[in-house]
Structures are given as structure tokens and as C-alpha cells.
Protein chains: 2
Amino acid sequence: MKHDAVMLMGRIHELTQKWLRRELASAGLPGVAPSHGDVLALLFMKGESTMHELAAFAHRTKATTTVLVDKLEAMDLVRRATSVYDARTKVVVLTERGEALKEDFERISNKLVSMVYAPIGKTGGERLEQLLNKVLVSLEN
Amino acid sequence: MKHDAVMLMGRIHELTQKWLRRELASAGLPGVAPSHGDVLALLFMKGESTMHELAAFAHRTKATTTVLVDKLEAMDLVRRATSVYDARTKVVVLTERGEALKEDFERISNKLVSMVYAPIGKTGGERLEQLLNKVLVSLEN
DNA sequence: TGACAAAAGTTAGACATCTAACTATAATAT
DNA sequence: ATATTATAGTTAGATGTCTAACTTTTGTCA
């Protein structure tokens, strides 16, 4: 199915995901997927978060988020604890090893953004974001 | 930062994939993924194709393509045969049931394209394609 | 011609992801 | 106060995807 813009976005998305995996592996995190990165990203930004918040931020289901956090916990990058205010809620926190990755993640993230924006420049990038935003908002309704 | 082009393309890609799955299910093809659609699309366009050609067109590995064709064969939408000229090569052909889906696929494909282009118009669509093309070409090198 | 490399395809094992069903806890309503 | 409903999270099973190893067949070259 050659859907023009749809097909182009799909290809770009897949290439960036693949690039991120390679980059994370090079940073000493083999087997870490971009979605794991999304989980960590929220923890870097706002500190401790619930499974629910992480799922919403990463655009993944609760079930998937459980598995993602399982893996990060097994790697000793995050830790789970039961909330004091609500026994249903789990609070996820970065470990020391997790905190230590913040700079690596920012470096990789910046590198990806500049790779994507390089061929179209600043104005092209802004125009691209405008168009994509309109498309996304439209699809979400 | 949170709304950069990479993230937007990822979201749009995931939403369109999900939409396609629903649409294919509604067309009497539950469990058929967009990647199966890509396989069928090449068969609609150029007729019989090898596994190698299908993999390249769908941007999937040989292993994945084997599984995709397995499923389509189990659904009696395509058929495999060994090439007369090269015993290593398998030739994949549409069955009668597979051929019958062509119109449904074109309808769904057109619907998706118009959904995506609707909020940005013809000129916006062309500009979007230009920008995406530059980004993709750049990433592929 | 005969050994070895290349190519087409499949199989095995792993993983991220989803939906559906489940447990446990909290909130609501009668 | 108790029963019902809602919410947070996990588990189970299925699926599309990948890499790596394998089989079979074809091509190459000394």
C-alpha cells in the first residue's frame, strides 16, 4: 500500500526506531527499546510516576507498561514501591544507575532531532511540525 | 521538545496502522495486519511475485515475509508454487478469493489518504510530501 | 569437474505489543 | 453498613517482528 505521506511517515518512524535501538545498545543498554526510553524520559522529567502515568506518557497500554517496567527493574534502572496513599497504586522511581543515564539519553535525543531536521532546515522543520500537528489532531478526532 | 516531528510521525503512524486494522476487520478480514496488506498490494499491482520481491516491497525481512505469506495462504488468499526456472525460488500468486479483495483494498487505501490530507489540503499535502521525502532520503544515507 | 561461496527460503527463539480476564483496593450509592 | 461499581495493576495468550542458524539450490572458479 503506497500511501504517499502515510507511507513516508511509516518508513521514517521505523528507521528512527531502529536507529534509537542501535544507539541505546552503543550506550551500554542492549535490548532497551525506544518505549523503555519513553518510560525513563518521564521519570527524568517529573520524577516518580505511577504505572498509569507512564502508560499515558508512552502511549502504551497498562499491560505493556507492566512488562516495560519489569525489564527496567530487572536491569536495576528503576524501582517499584506501593503508594502510601493508595494501596492499588505503584510508584516507579529511578535508581542511581537509572539517574546516571540522563545525559546519555539527552545526547541521543538531540542527535536524532538534528538528524531529522538537518535536510530541511529550521523553517522546513517548523512547517513540517505545523502540518503534522494538523494531521494528528484531525486523526485523533 | 515533546512535540517534535519525530514524535508526531510516530503517533500518526501508529494511529493509521490501528485504523487500517479496524478497517480490514470490517471488510471481513479480521486478523489481517497492514503488512499483510503490503504483500497483497504488490500482488495486485504486478501479479505473481517471489518472496524476495514481497519482502523488499513490504520493507520486511525474509523471515517475516514467510510468516505473512503463511497466514495469507492459510486464509486461501494467496498460493505458493516453486519456480520453474529456479528451484530455490517460490512464486506467490493471488487466489480467486484474493483477487476479489482488490476493490476493498483500494477503497480503504483511498479513504486513508483523504483522511490524512483533509486537514491540510492539496498544497499542504504536497509540501508535506516534499519535506518527508527529504527527511527520508537523508536518513537512508 | 568438483569444491566452495552466494542466494532463496524456512525454522527457532526472543521480544514488544495488544486484548481479555483476573486480583486487589478504593469510592459510591442505596 | 453493605453491596455494587470503578480504578490500578498484573497475568495469560496471541501476533508481528527481528536475528541467527539452517536447508536447498545455483553460481563461480581453479
Side-chain angles (χ1 to χ4, degrees), chain A residues 1 10-11 13-22 24-25 29-40 48-75 78-93, chain B residues 10-11 13-22 24-25 29-40 48-75 78-92:
Chain A
M1 289 191 180
R11 284 296 295 146
H13 180 231
E14 288 176 356
L15 286 178
T16 52
Q17 296 275 113
K18 201 168 288 183
W19 182 86
L20 275 172
R21 278 177 178 273
R22 277 201 309 273
L24 289 167
L29 295 171
V32 171
S35 48
H36 295 112
D38 291 337
V39 168
L40 294 173
E48 66 175 41
S49 311
T50 67
M51 298 297 293
H52 195 261
E53 290 169 333
L54 292 170
F57 182 79
H59 294 289
R60 296 289 161 248
T61 63
K62 299 180 298 176
T64 299
T65 308
T66 293
V67 179
L68 294 175
V69 171
D70 281 349
K71 181 161 185 171
L72 294 175
E73 198 168 31
M75 298 175 80
V78 307
R79 200 160 28 80
R80 253 187 270 237
T82 302
S83 167
V84 189
Y85 310 104
D86 188 334
R88 292 172 301 184
T89 305
K90 292 288 171 58
V91 171
V92 182
V93 209
Chain B
R11 284 295 295 146
H13 179 231
E14 288 177 355
L15 286 178
T16 53
Q17 295 274 115
K18 202 167 290 185
W19 182 87
L20 275 172
R21 278 178 178 272
R22 277 201 308 272
L24 290 167
L29 295 171
V32 171
S35 48
H36 295 112
D38 291 337
V39 168
L40 293 172
E48 67 176 41
S49 310
T50 67
M51 298 297 293
H52 195 261
E53 290 169 333
L54 292 171
F57 182 79
H59 294 290
R60 296 290 160 247
T61 62
K62 298 181 298 175
T64 298
T65 307
T66 293
V67 179
L68 294 175
V69 171
D70 282 348
K71 181 161 185 171
L72 294 175
E73 198 167 32
M75 299 175 80
V78 307
R79 201 162 26 82
R80 253 186 271 236
T82 303
S83 167
V84 189
Y85 310 105
D86 188 335
R88 292 173 300 184
T89 305
K90 291 287 169 60
V91 171
V92 182

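Proteins come first, then strands; the chains are lettered A, B, ... in the order of their sequence lines, and each starts at number 1.
Looking at A:Thr65, its side chain does come within 3.5 Å of a backbone N or O of A:Thr61 through a donor-acceptor pair. Using a distance-only test at 3.5 Å, with no hydrogens or angles considered, no donor-acceptor pair links the side chain of A:Thr89 to the main chain of A:Tyr85. Panel note: side chain B:Glu14, backbone B:Arg11; no donor-acceptor pair is recorded below 3.5 Å. Remark: the backbone N or O of B:Pro34 is not paired with any side-chain donor or acceptor of B:Gln17 at under 3.5 angstrom.
The nearest whole Å value for the distance from the CZ atom in A:Arg60 to the P atom in C:dA16 is 12 Å. Taking atom CD of residue B:Gln17 and atom C1' of nucleotide D:dT15, one finds them 14 Å apart after rounding to whole Å. One atom, CG of A:Asp38, and another, C1' of C:dA16, lie 13 Å apart when rounded to the nearest Å. Across the protein-nucleic acid pair, B:Asp70 atom CG and C:dA8 atom C1' stand 15 Å apart, rounded to whole Å. Put simply, CZ on A:Arg21 is 16 Å from P on C:dA14, counting in whole angstrom units. B:Leu68 has its CG atom 14 Å from the P atom of C:dT11, to the nearest Å. In this entry the distance linking NZ of B:Lys18 with P of C:dT17 reads 11 Å, nearest Å. Regarding B:Trp19, its CH2 atom lies at a distance of 20 Å from the C1' atom of C:dC18, rounded to whole Å.
Of all the heavy atoms in A:Gly10 and B:His13, the pair that sits closest is CA-CD2, 3.3 Å.
Which of C:dT17, D:dT17, D:dT11 sits closest to the side chain of A:Ser35 comes down to C:dT17. Closest to the side chain of A:Ala87, out of C:dA16, C:dT19, C:dA26, is C:dA26. The side chain of A:Lys62 has D:dG9 as its nearest neighbour among C:dT19, D:dC18, D:dG9. Set against D:dT17, D:dG9, C:dT10, the side chain of B:Arg80 has C:dT10 as its closest nucleotide. You'll find that the side chain of A:Ala63 is closest to D:dT11, out of D:dT11, C:dA16, D:dG16. Taking the side chain of B:His52 as heavy atoms from C-beta on, and the options C:dA8, D:dG16, D:dT19, the nearest nucleotide is C:dA8.
Residue contacts shown for A:Thr66 include a base, since a base heavy atom lies under 4.0 Å away. Looking at heavy-atom distances under 4.0 Å, A:Thr50 makes contact with sugar-phosphate atoms alone, never a base. Residue contacts shown for A:Thr61 include a base, since a base heavy atom lies under 4.0 Å away.
The base of D:dG9 is not paired with the side chain of A:Lys90 by any donor and acceptor separated by under 3.5 Å. One can find a donor-acceptor pair under 3.5 Å joining the base of D:dT7 and the side-chain atoms of A:Arg88.
Within a 6.0 Å sphere centred on CD of B:Glu48, heavy atoms belonging to other residues, nucleotides or ligands number 12 at most.
For D:dG16, the OP1/OP2 oxygens have no side-chain nitrogen or oxygen of B:Thr64 closer than 4.0 Å.
DNA chain C is contacted by both A:Asp86 and A:Val32; A:Val32 maps to the nucleotide lying nearer its 5′ end (nearest heavy atom per residue).
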